[in-house]
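Reviewing the structure listed below.
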Amino acid sequence: MIDPDLVSLTITLKLAAVTTFILFLIGTPLAWWLARTRHVAGFLVEPLVALPIVLPPTVLGFYLLILFSPNSGFGKAWASLTGSTLAFTFEGLVIGSVIYSLPFYVQPLQVAFSGVKQDLLDAAATLGAGPVDRFINIVAPVCRSGFVVAGTLAFAHTVGEFGIVLMIGGNISGETRVLSIALFDHVETLEYGRAHLMAAGLLVFSFTLLLIVYTLNRWQTGRSSSLGSGS
Amino acid sequence: MTRPLSVQFLVLVAWLIFPSISISAETVRIAVASNFHPTLTKIVQVLSKESDTKYVLISGSTGVLYSQISNGAPFDILMAADKVRPALLDTHGLIEPGSRMTYAVGRLALWVPGSTSPVNKSFLQNLQGNLAIANPEIAPYGVAAKELLRGIDLSKVRLVMGNNVGQTFHFVQTGNAQAGLVALSQVRHSEIDRRLFWPVDEGLHKPIEQQMVTMNQSAGTIEFSAFLITETATNIISNDGYRLPGSREN
């Protein structure tokens with residue numbers, strides 16, 4: 001039999017990977033829009049995106065559980081479309097994680113996008129490059145480390161998720177029992193040895209990821225300032 | 001014209017700076033398993049009317065409270081949801097010798113909010129959808145639920161686990177689980193329609209003995225322990241859906 005902690009590790013990595021991928025799809029255009037827009041809606045959307053940073057995860061979990069319930073309009077619609085409910089499923093955790101990690105993806109990317117010079121894009125446009133062409137060939141390479149930082153933070157933050165999963169997960173092995181929940185269970189059942197192993201593992205993992213992020217940040221700042229002085 | 005600072009103002013400032021200093025005689029901190037918290041609140045309300053002692057309740061899961069006490073949390077009394085953790089504290093010599101006693105016996109209830117017919121034992125055989133139970137690895141009510149479900153065909157059921165019986169109740173209350181094995185005290189407390197739950201026969205699982213221990217022999221601790229066995233207190237406990245340790249199973 002496979003060790004249940006390994007199952008939890010797999011679920012956690014899968015959740016973080018799926019969440020980061022979905023954030024790449026919806027968070028990238030959102031970050032671009034936020035970086036460029038002068039529309040009044042931007043003032044409203046920006047704090048909305050940042051909300052999960054300051055809200056206790058229990059607030060999100062509490063509302064999500066109500067939203068997922070077959071008694072709610074959304075829950076009912078989902079149930080009639082898919083035949084199952086969202087609470088206590090992997091899909092439900094993905095929805096929760098996307099909301100929870102949204103600012104950690106959008107904010108660094110938004111900063112990176114803001115740094116892209118408008119002149120550069122205008123020049124490319126004059127040369128006949130379309131919006132998608134400009135994004136792929138100019139914005140993406142210039143903001144490469146921004147993407148890495150955003151993706152890494154979103155991934156790491158999802159791995160570190162606890163409160164929401166505790167509230168909407170239902171602790172099902174192989175589906176919703178992620179590492180942080182398994183660690184909590186070990187502490188409660190007095191299996192301190194396993195708890196230590198897991199806690200130390202998460203600590204080293206998180207530190208390593210943050211080390212990458214900050215090294216990239218320094219390197220990026222160093223490069224752009226040297227470019228700035230050179231020009 | 002300047003006015004001297006009033007005494008009230010100085011007292012207020014002092015209280016803000018040193019909030020832990022209180023004028024009352026003694027503060028007793030009671031760590032209580034979350035399932036018993038509503039009941040204990042009622043008991044302490046009555047007791048506070050006839051006593052100067054200040055009772056502070058800290059609610060949490062028995063496992064977490066146990067870890068906190070093992071690591072030196074300044075609690076005077078632990079009212080656990082099981083007898084395992086109090087026994088462990090006893091073994092480790094962290095409690096007042098001889099203070100361990102059962103204060104209530106928890107009862108399980110099967111709650112099916114959407115049921116159109118009265119909920120009873122045969123309901124268990126025909127359950128479908130999400131059935132919420134407390135995590136048997138952690139919660140005593142989960143252990144009892146697991147024992148009850150032994151030998152029952154659960155092929156059409158998806159077991160979802162709450163971290164404690166409080167969360168289990170919430171899963172059912174929000175409609176995310178169609179049925180749940182919760183504490184009888186909870187359905188009583190929430191005044192759920194009698195037809196929608198079944199108080200599980202106690203013979204179908206091992207009793208959920210909830211034990212308490214005291215960490216010291218202070219006046220407040222002794223006062224509380226004595227009050228807990230008065231008729232006033234035991235009436236509150238049994239009205240909330242617990243069986244009293246001495247009384248017969250029904």
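Only a predicted model underlies this, so the values are computations on that prediction, with no experimental measurement involved. Labels below follow one simple rule: chain letters A, B, ... track the order of the sequence lines, proteins then strands, and each chain is numbered from 1.
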Heavy-atom closest contact (Thr174(B) atom, Phe171(B) atom, distance): OG1-O, 3.1 Å

Residue by residue, which of residues 151-172 of chain A have a heavy atom closer than 4.5 Å to a heavy atom belonging to chain B? Leu166(A), Met167(A), Gly170(A), Asn171(A), Ile172(A)

Go through the atoms of Asp185(A) and report whether side chain, backbone, both or neither lie under 4.5 Å from a heavy atom of chain B. both

Under a 4.5 Å heavy-atom cut-off, does chain A meet the side chain of Glu137(B), its backbone, both or neither? both

Within the structure provided, determine whether Arg188(B) and Asp240(B) are in side-chain contact (heavy-atom separation under 4.5 Å). no

Ala33(B) and Ala80(B): which non-hydrogen atoms are nearest, and at how many Å? CB-C, 3.9 Å

Does Gln125(B), at its CD atom, have more than 12 non-hydrogen atoms belonging to other residues, nucleotides or ligands within less than 6.0 Å? yes

Please collect all ring-ring contact (aromatic ring centres under 6.0 Å, His included) contacts where either partner lies in residues 58-78 of chain A, sequence neighbours excluded, each pair once. Phe62(A)-His170(B)

I'd like to know whether NZ of Lys42(B) has more than 12 heavy-atom contacts from other residues, nucleotides or ligands below 6.0 angstrom. yes

Side chains of Thr221(B) and Ser218(B): donor-acceptor distance under 3.5 Å anywhere? yes

Going by residue number, which parts of residues 28-38 of chain A are within reach of chain B, meaning a heavy-atom gap below 4.5 Å? none

Minimum heavy-atom distance between Ala81(B) and Thr62(B), given as atom pair plus value: N-OG1, 3.0 Å

In this structure, are over 12 heavy atoms from other groups packed under 6.0 Å from His37(B) atom NE2? yes

Pair Thr214(B), Glu96(B): side-chain N/O donor-acceptor within cut-off below 3.5 Å: no

Counting C-beta onward and ignoring hydrogens, is there a side-chain heavy-atom pair between Ile237(B) and Phe36(B) closer than 4.5 Å? yes

Side chain to side chain contact (heavy atoms under 4.5 Å, CB included) with Phe207(A): which of Leu211(A), Leu210(A), Val204(A)? Leu211(A)

Shortest non-hydrogen pair, Met212(B) vs Ser225(B), comes out as CE-OG, 4.1 Å

Chain A contact via Asn163(B) - which portion, at a heavy-atom distance below 4.5 Å: side chain

Using a 4.5 Å heavy-atom cutoff, which residues in residues 79-114 of chain A come close to chain B? Thr85(A), Ala87(A), Phe88(A), Thr89(A)

With a 4.5 angstrom heavy-atom cut-off, which part of Leu159(B) approaches chain A: side chain, backbone, both or neither? backbone

Heavy-atom cut-off 4.5 Å, strictly under: side chain, backbone, both or neither for Ser70(B) against chain A? neither

Distance-minimising heavy-atom pair for Leu78(B) and Met215(B): N-CE, 3.8 Å

So which atom in Asn164(B) and which in Ala139(B) form the shortest heavy-atom distance, rounded to 0.1 Å? CA-CB, 4.3 Å

